[in-house]
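Numbers for residues simply follow the sequence, beginning at 1.
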Amino acid sequence: MQGEPDRQGEFLDVNSVVGHLLAEGSVFAFLAAHREQLFPAELFADLFPSGRGRPSIPPATMASVIVLQTLHGLSDREAADAVTFDLRWKAACGFVLGDKGFHSSTLTYWRRRLAASDRPHRIFEVVREVITATGVLAGKHRRALDSTVFDDAVARQDTVTQLIASIRRVTREVDGGAAVVINRATRLAELTGAGYDRPGKPRIAWDDEAAQQDLISALVEDALAVLDGLDLEAIGKKPDNEVEQQAVALLALVAGQDVEPAPGSDGTDGRWRIAKKTAPDRVISTVDPEARHAHKTQSRQQDGFKGHIVNEPDTGLITEIEMTKAAGPDNSDGAVGARLLLADPTIDDTADTLEALGDSAYGTGDMLATLAPTRWSAVIKPWPHQPAIAGGFVLDDFAFDADANTLTCPNNLTRPISPKGRVTFGAGCRGCPLRSQCTTSVTGRTITVGKHHQLQREHRHHFTTSTIQQTYRQHRPMVERTIAWLTRGNRRVPYRGIERNNNWLHHRAAGINLRRLITLGLTTTNGTWTLATT
């Protein structure tokens, strides 16, 4: 049956013997005193519906270990060692002095149970319920949005490595795939003398551009031959066959994302080369196909995932959080930020107006359009102008007529806006006295107007002429501090894939929130969570 804590205690209970040595106001001291109230057994009852094979360790103990592990950035083995040898961990998690703790695989077992449940983020949600119970967010009508890039846990792979790894994966994971690879993927062996069973990169003259192109051609043709030799329809129809389907899909993706027909080829003569561009949403590793290239700034490129948070700016508490791919329109700051903001359960339902604070990454037309019909007021730094000429005219210098769907330039030349949002002034720029401040193009100025142009224009005007700019500068900086708490010593994610890292991020946010609440004076009064400072 599921483990229960010893209500009578033991002579060598660490908390009773040395609990007074725990730093006052630390997470260790708080969990030592309140872990069972914070994480009651019934909270995890659904994880073990069977009466047999249930773990003997109390759920409050394992939840406390998970919080401390993510808070301190430890591996499973390091966390198990800490429970065995560190008196602070023993006191916080309820172990006696001579207890050997548990095997590190127990943490893997619990995480898998949580991930497969209906509430995989319940530890974060419980701490958030404590936040609500204290009343610390009562009357708080602002939320700040931000994101940060987390480095992935794998190495970036080049095109050659990805193609070879994808073919090898089909060999391992697809029923009959090994035979197909042996019989059809023969070009690599013909070129290098070694097939796909040989580790490492093929041995070629890597300083010879022609040899490199021959290798790419051989690998792409082998990949296409393997796909042609597999019964894709049968693989797709197999029930519960996700492993095979993913292997085939990854091979098809890798075989097309980074290559293009060689010069003078139509793609049917077997000649390929590395494409002179980067594919959108490019897979960067077959070991973790969900990792992506990310540009948090124009000069800083990272590979990994993006963590998005909703933060209450006065307290620094995280009310919503999510890990996503680092690229793609569905994973942009605006798209994810709006979704998390509207799902935040800590928002006061009685408030007439709410303020959403965000930097210019959230100043997209789609974000503003999403917030427009809600109670949320956008205290968001506007999307920056990009003038065609430094110091020259910007988009707002062109008069926009929404009814006529036209744009008028500073020289009073009016042009219609096309269905795709393009405005072409063309020949009207010839001889224009303002041309030197507007464009250097010999064909005249061309402007692209977004779907929500009027909304963005009004927002820019409102931001610069009202008091919300002062509100932004005063209240948004706290979210940067929260991001620093979240990433300090934990910039690299510990797992592969979005789901597991998203669960890890929620557990870490639970620890950050708990530590912040303790700093604010978290305690209990007659069994109710309160803040001593309020």
Taking atom CE of Met323 and atom CG of Asn501, what is their separation to the nearest 0.5 Å? 5.0 Å
Less than 4.5 Å apart, any side-chain heavy atom of Glu320 and any of Pro345? yes
Can Lys90 and Asp99 be said to form a salt bridge (Lys or Arg N to Asp or Glu O under 4.0 Å), step by step? CA-CA 9 Å; Lys90 283 185 175 294; Asp99 199 324; 5.5 Å; no
For the backbone of Ile318 and the side chain of Asn513, can you confirm whether one donor and one acceptor N or O come within less than 3.5 Å of each other? yes
Would you check if Leu486 and Ile321 make a side-chain contact, meaning some heavy-atom pair closer than 4.5 Å? yes
Could you grab the distance from atom CG of Leu145 to atom CG of Leu357, nearest 0.5 Å is fine? 8.0 Å
Regarding Arg339 and Thr370, is there a side-chain donor-to-acceptor distance under 3.5 Å anywhere? no
Between His462 and Tyr472, is the gap from one ring center to the other below 6.0 Å? no
With side chain to side chain contact (heavy atoms under 4.5 Å, CB included) as the test, pick out the partner of Lys306 among Asn331, Asp333, Thr148. Asp333
Side-chain ion pair, Asp330 and Lys325, N-O less than 4.0 Å: no
Which heavy atom in Phe39 sits nearest to a heavy atom in Ala60, and how many Å separate them? O-CB, 3.4 Å
Answer whether the closest heavy-atom distance between the side chains of Arg375 and Thr353 falls below 4.5 Å. no
Roughly how far, to the nearest 0.5 Å, is the CZ atom of Arg492 from the CD atom of Gln302? 10.0 Å
On the 0 to 90° scale, with breaks at 30° and 60°, tag the Phe102-Phe95 ring pair as parallel, tilted or perpendicular. tilted
Using modelled atom types only, decide if a donor and an acceptor are shared between the side chain of Asp288 and the backbone of Gly497 within a distance under 3.5 Å. yes
State, yes or no, whether a side-chain contact exists between Ile284 and Arg292 at a heavy-atom distance under 4.5 Å. no
Provide the closest heavy-atom pair for Gly365 versus Leu455 in the form atom of the first, atom of the second, distance. O-CD2, 4.3 Å
So does Pro120 get a backbone contact from the side chain of His506, meaning a donor-acceptor N/O pair under 3.5 Å? no
Does either side chain, that of Asp281 or that of Gln257, offer a donor lying less than 3.5 Å from an acceptor on the other one? no
Let me see the working for Arg496 and Glu290 under salt bridge (Lys or Arg N to Asp or Glu O under 4.0 Å), right down to the final yes or no. CA-CA 8 Å; Arg496 302 173 188 172; Glu290 293 182 312; over 6 Å; no
Distance-minimising heavy-atom pair for Arg128 and Thr319: NH1-O, 2.8 Å
Which heavy-atom pair separates Asp152 from Ala291 by the least distance, and what is that distance? OD2-CB, 3.6 Å
Inter-residue atom distance Gln474.CD - Ile468.CD1, 0.5 Å rounding: 14.0 Å
Between Arg142 and Thr471, is there a side-chain heavy-atom distance shorter than 4.5 Å? yes
Using modelled atom types only, decide if a donor and an acceptor are shared between the side chain of Arg35 and the backbone of Thr61 within a distance under 3.5 Å. no
Rounded to the nearest 0.5 Å, what's the gap from CG on Leu137 to CG on Leu317? Could you check? 6.0 Å
Whether the side chain of Gln157 engages the backbone of Thr286 through a donor-acceptor N/O pair (distance < 3.5 Å, no angle test) should be reported. yes
Please verify the inter-ring angle class for Trp89 with His72; under 30° counts as parallel, over 60° as perpendicular, anything in between as tilted. tilted
In terms of heavy-atom contacts, does NE2 of His461 have more than 12 from other residues, nucleotides or ligands at under 6.0 Å? no
Any Lys/Arg nitrogen of Arg119 or Asp46 sitting under 4.0 Å from an Asp/Glu carboxylate oxygen of the other? no
Output yes when a side-chain donor or acceptor of Arg476 lies under 3.5 Å from a complementary backbone atom of Val379, and no otherwise. no
Pair Phe28, Leu68 - check side-chain contact (heavy atoms from CB on, under 4.5 Å), show working. CA-CA 8 Å; Phe28 293 109; Leu68 290 173; 4.0 Å; yes
From the list Arg112, His121, Arg111, side-chain hydrogen bond (donor to acceptor under 3.5 Å, both in side chains) with Asn503 holds only for His121
Carefully, step by step, assess Arg156 and His293 under the rule side-chain contact (heavy atoms from CB on, under 4.5 Å). CA-CA 9 Å; Arg156 183 194 309 180; His293 290 311; 3.7 Å; yes
In chain order, what residues pass the ring-ring contact (aromatic ring centres under 6.0 Å, His included) check against Phe30, with sequence neighbours excluded? His34, Trp529
Has the side chain of Tyr362 got a donor or acceptor atom that lies under 3.5 Å from a matching backbone atom of Asp146? yes
Distance-only side-chain donor-acceptor flag, Thr346 / Asp344, under 3.5 Å: yes
Note: Gln162 and Val283 closest approach over all heavy atoms is NE2-O, 3.2 Å
Under 3.5 Å donor-acceptor, Arg516 side chain and Thr315 backbone: yes
Taking atom types as modelled, find out whether Asp81 and Thr84 have a side-chain donor-acceptor pair closer than 3.5 angstrom. no
List the steps and the verdict of side chain to side chain donor-acceptor pair (under 3.5 Å) for Asp366 and His452. CA-CA 7 Å; Asp366 289 340; His452 304 291; 3.3 Å; yes
Taking the six-membered ring for Trp, are Trp504 and Phe150 parallel (under 30°), tilted (30 to 60°) or perpendicular (over 60°)? perpendicular
Please report the C-alpha distance between Asp151 and Val493 in whole Å, then the side-chain angles of each, then the deciding distance to 0.1 Å, and finally whether the side-chain contact (heavy atoms from CB on, under 4.5 Å) criterion is met. CA-CA 6 Å; Asp151 297 326; Val493 298; over 6 Å; no
Under a 4.5 Å cut-off applied to non-hydrogen side-chain atoms, are Arg143 and Leu341 in contact? yes
So the salt bridge (Lys or Arg N to Asp or Glu O under 4.0 Å) pairs with at least one residue in residues 497-510 (sequence neighbours excluded) are none
Side chains of Lys140 and Asp348, heavy atoms from C-beta outward: is any pair under 4.5 Å? no
Regarding Arg473 and Gln469, do their side chains bring together a donor and an acceptor under 3.5 Å, going by distance alone? yes
Can you tell me how far CG of Leu38 sits from CD of Glu36, rounded to the nearest 0.5 angstrom? 11.0 Å
Heavy atoms of Ile518 and Gly25 approach each other most closely as CG2-O, 3.0 Å
Tell me, do Arg457 and Asp396 make a side-chain contact under 4.5 Å, heavy atoms counted? yes
Closer than 3.5 angstrom, by distance alone: can the side chain of Arg113 be matched with the main-chain N or O of Leu47 as a donor-acceptor pair? yes
Does a side chain donor of either Thr530 or Thr525 reach within less than 3.5 Å of an acceptor in the other side chain? yes
Has the side chain of Asn311 got a donor or acceptor atom that lies under 3.5 Å from a matching backbone atom of Ala144? no
List the steps and the verdict of side-chain contact (heavy atoms from CB on, under 4.5 Å) for Val65 and Ile57. CA-CA 11 Å; Val65 173; Ile57 302 176; over 6 Å; no
